[in-house]
Structures are given as C-alpha cells and as structure tokens.
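Accompanying notes for the structure given below.
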Amino acid sequence: MQRAVPQDFDRVLSSMCTEPHPAARETAQQFLATNPGDPGTYQTVARLEERAVELLGEITALDDPAGYITSGGTEANIQAVRIARNYADADEPNVVVPESAHFSFRKAAEMLDVELRDVPTTDYRADVDAVADALDDQTVGIVAVAGTTEYGHVDPIPALADLAADAGALLHVDAAFGGFFLPFTDIEWNFAHAGVDTMTIDPHKAGQAAVPAGGFLARSTDYLDELTIDTPYLESESQFTLTGTRSGAGVASAVEAMETLWPEGYREQYQASMDNAHWLAERFQERGYSVVGPELPLLAADVSLELVEQLRDRGWRVTKTGSGEMRVVCMPHVTRSMLQTFVADLDWF
Ligand code: PLP
C-alpha cells in the first residue's frame, strides 16, 4: 500500500489550525513519546508544561497563571464549565452563553448535567441585556467569546465580567481562536482588562504549535482544585486534567512556538493576516457581496451556496456559517498569492 501523506495547506481557507512553525514541528517530533499526564516520570515535559502556562499567562496578562495544555479548545471549555459547576453550590446549575459560542459548550453541558442558556447576539456579539435577563440564582457561569468561530467577533467582556461578579458566577472567556491575535488590538479581552476567571487560548490555532495543543488558564489554583482527583498508582498524587495520557509533542511544540514568536512574530502574523483579510473583504465588496468582518482575520461573505460548492470542487476548503455565508479564515498559512488564486477562481464561475 502507498504511504499516505498529509494534504497541503495551499487551498485551506476553512481551518482554524495551520502549519506549525518549523521549530515547533521539529520539537513536536522530539517529544512524541513523552506523556505530561505522568509528570513524575516525564519530568522534562512536565517542566515544559509549566513554561507553556507561564507564557500563556504573559500573552493574556495573568500573573501567577494556573492551567495546562489541553487536547484542544473543546477540552478547555469543558473544564471551564466543570469548574463553574463545582465551584458553586447550585442544585440545578445553569451557564449562560451567547448563541455564537462554540458547540463544545453543548458537549460540556450534556456531560456535566448543566443547563446551557443560549442568549441572542446583537451585531454578532453577546447582548449584555439578554445575558442579564437570563441570569438567576442557579447561574454558575457566563461565557464570553473572544473571537467567535463563525465571524471572529469579540463579546463585550468587561460588561459580562461585571454581570458575572454581581451574579456570583464565574466568567469564562473562550479565546481559543482569538487569543494569539488579540494582544495586538485595542480590544479588552484579557485577565487585566476584566474580572475573567478562566480562559481557553489554543496554541494549536494561531499559536502555530503542532496539534494537539489547546490551552486552559485559570486566575487561581483554587479553580483547578475543583477538578482534582487522586491518582494512586502514579508518582504524582492527583490530576486535574480531563484526559490521562496526553501529548508531550503538543506541550513541547507549544513552548517552542511561543518562545520563538511571542511577541514580535505573532504581531507580524497578526498584521499580515489582517491585511489579507481586509484585502479579500475588498475584493468581495467590489464584486457586490456583502461582508461581515474582519474584526480578527476571519470574514464571511454572502456568496451563494452553489458557488461555494463550485469552489469546493476546485479544491478550495471553504465552509458556510449557520446563516449561509461563506466563511474564510486567514490563518498564517494563507498568503496573498493564495488569495489571488482564490479570487481568480471566484471570477471564473
Ligand atoms: N472555541 C472556539 C471559539 C473555536 O473556534 C473552537 C474551534 O474552532 C473551539 C473552541 C474548539 O477547539 P478544538 O477544535 O481545538 O477543540
């Protein structure tokens, strides 16, 4: 049988993952056989994980960060809901999320037996009044999204943090996508801007680490205590992660990527990706399409479903939003010349 090779990225406009930075790729290969889930045995990668959390703390303006490298944004979001539920004392806990939140919160709610209260958005952002109306004495958490999956928009995080504080609930910010772009904007999203309790920020997205490397951060180790269970047969005595054996490759590559790129490399990437997203938005507008964004390097255009299918047949990996627009994510592998080819194909039909 012929050996399979991974697809290349030259027509991928749909993914929030990207090619790892070359140094991160090399480091991932070195650490393939390590397991940060057993830190007593795999001590080097355990130290690297501490460094990863320290670096994520710098990026999100959190002193003394607590957290770990997850399998992805889904795991980090599940852990956030788990903490909110366990931290509070509610018989019938609910978590309030904007309807734009990632579907991983639905998985979390089902597994954890928490009610998920979806509230409408206004202009693609959480509507603060609608969130306020949804709160009650069983609300244990509010979710704010810093870079929505469909439109790349950022919720009004300080206002949502105030609501959470008043309600005695925790505020979780899902910056899985936006976290490596937002430090270079003037948007308020991080631990210093607002009373954020926990956050998802994924090195395996715009952080340019190898998959799997999601990130979970908490303002205090007290929150991680809510997750801790005993681990009798390991050298370490307890574990707060969701999975047991974990990818040392993801952890080590996340450190390598962040050591290499934070902050200047990420700043340059943010600028290049935003320039590309604006350039593409203009090309769509010139052709009469209406465009949402880009607030972060992601835009949606009201291209017909038929045209999206034709572009897919030409090999372009593009997706539709729930409302039917074509969604394009300008991740680091997306270059201007790639977008020029894409626009030429758009014009061809
Ligand atoms: N949160 C947001 C905002 C996302 O965009 C995504 C994925 O695109 C996730 C969470 C889930 O991340 P993962 O696919 O790494 O589990």
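Indexing begins at 1, ligand by ligand and atom by atom, following the structure's order. These numbers come from a predicted model, not from an experiment.
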(request) Give the single entry among His204, His102, Lys205 that approaches atom 12 (O) of ligand 1 most closely by any heavy atom. (result)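 That would be Lys205.
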(request) Report the member of Ala175, Ser104, Gly73 with the shortest heavy-atom distance to atom 13 (P) of ligand 1. (result)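 Going through Ala175, Ser104, Gly73 one by one, Gly73 has the nearest heavy atom to atom 13 (P) of ligand 1.
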(request) May I ask you to identify, for Thr148, whether its side chain, its backbone, both or neither come under 4.0 Å of ligand 1 on a heavy-atom basis? (result)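 It is neither; nothing of Thr148 touches ligand 1.
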(request) Answer side chain, backbone, both or neither: which part of Asn77 comes under 4.0 Å from ligand 1, heavy atoms only. (result)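 Only the side chain of Asn77 comes within reach of ligand 1.
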Among protein heavy atoms, which sits nearest to [atom], and what does the distance come to when rounded to 0.1 Å?
atom                    : value
atom 8 (O) of ligand 1  : Met16 SD, 3.4 Å
atom 16 (O) of ligand 1 : Thr74 OG1, 2.6 Å
atom 1 (N) of ligand 1  : Asp174 OD2, 2.6 Å

(message) Is it the case that ligand 1 has an N or O less than 3.5 angstrom from some N or O of Thr149?
(response)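 It does: an N or O of Thr149 is found under 3.5 Å from an N or O of ligand 1.
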(message) If I apply the N/O under 3.5 Å rule, does Ser71 come out as touching ligand 1?
(response)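 By distance alone, the answer is no.
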Under a 4.0 angstrom heavy-atom cut-off, which atoms of ligand 1 come close to [X]?
X      : result
Gly72  : 15 (O), 16 (O)
Asp202 : 12 (O), 15 (O)
Ala176 : 1 (N), 2 (C), 10 (C)

Look at the side chain of [X] and the backbone N and O of [Y], then say whether any donor-acceptor pair between them is shorter than 3.5 Å.
X      : Y      : result
Asp155 : Ile157 : no
Glu110 : Arg106 : no
Thr185 : Phe181 : no

(message) I'd like to know if Gly147 contacts ligand 1, where contact means a heavy-atom distance under 4.0 Å to any ligand atom.
(response)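 Contact check Gly147 vs ligand 1: positive.
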(message) Distance alone, cut at 3.5 Å: any donor-acceptor contact between the side chains of Asp38 and Thr41?
(response)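 The criterion, which ignores hydrogens and geometry beyond distance, is satisfied for Thr41 and Asp38.
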(request) Report yes or no: do Arg327 and Thr319 form a side-chain donor-acceptor pair below 3.5 Å? (result)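 There is such a pair between these side chains.
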(message) In terms of relative ring orientation, are Tyr124 and Tyr151 parallel, tilted or perpendicular, with 30° and 60° separating the classes?
(response)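 Ring orientation, 0 to 90° scale: tilted.
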(request) Hey, can you tell me if Phe184 and Trp262 have their rings parallel, tilted or perpendicular (30° and 60° cut-offs)? (result)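 Answer is tilted, since the angle falls between 30° and 60°.
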(request) Give, for atom OH of Tyr68 and atom CZ of Arg246, the distance between the pair rounded to the nearest 0.5 Å. (result)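 Taking OH in Tyr68 and CZ in Arg246, the distance rounds to 7.0 Å.
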(request) Kindly indicate whether the side chain of Arg314, heavy atoms from C-beta on, has any atom under 4.5 Å from the side chain of Gln310. (result)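 Sidechains of Gln310 and Arg314: no contact.
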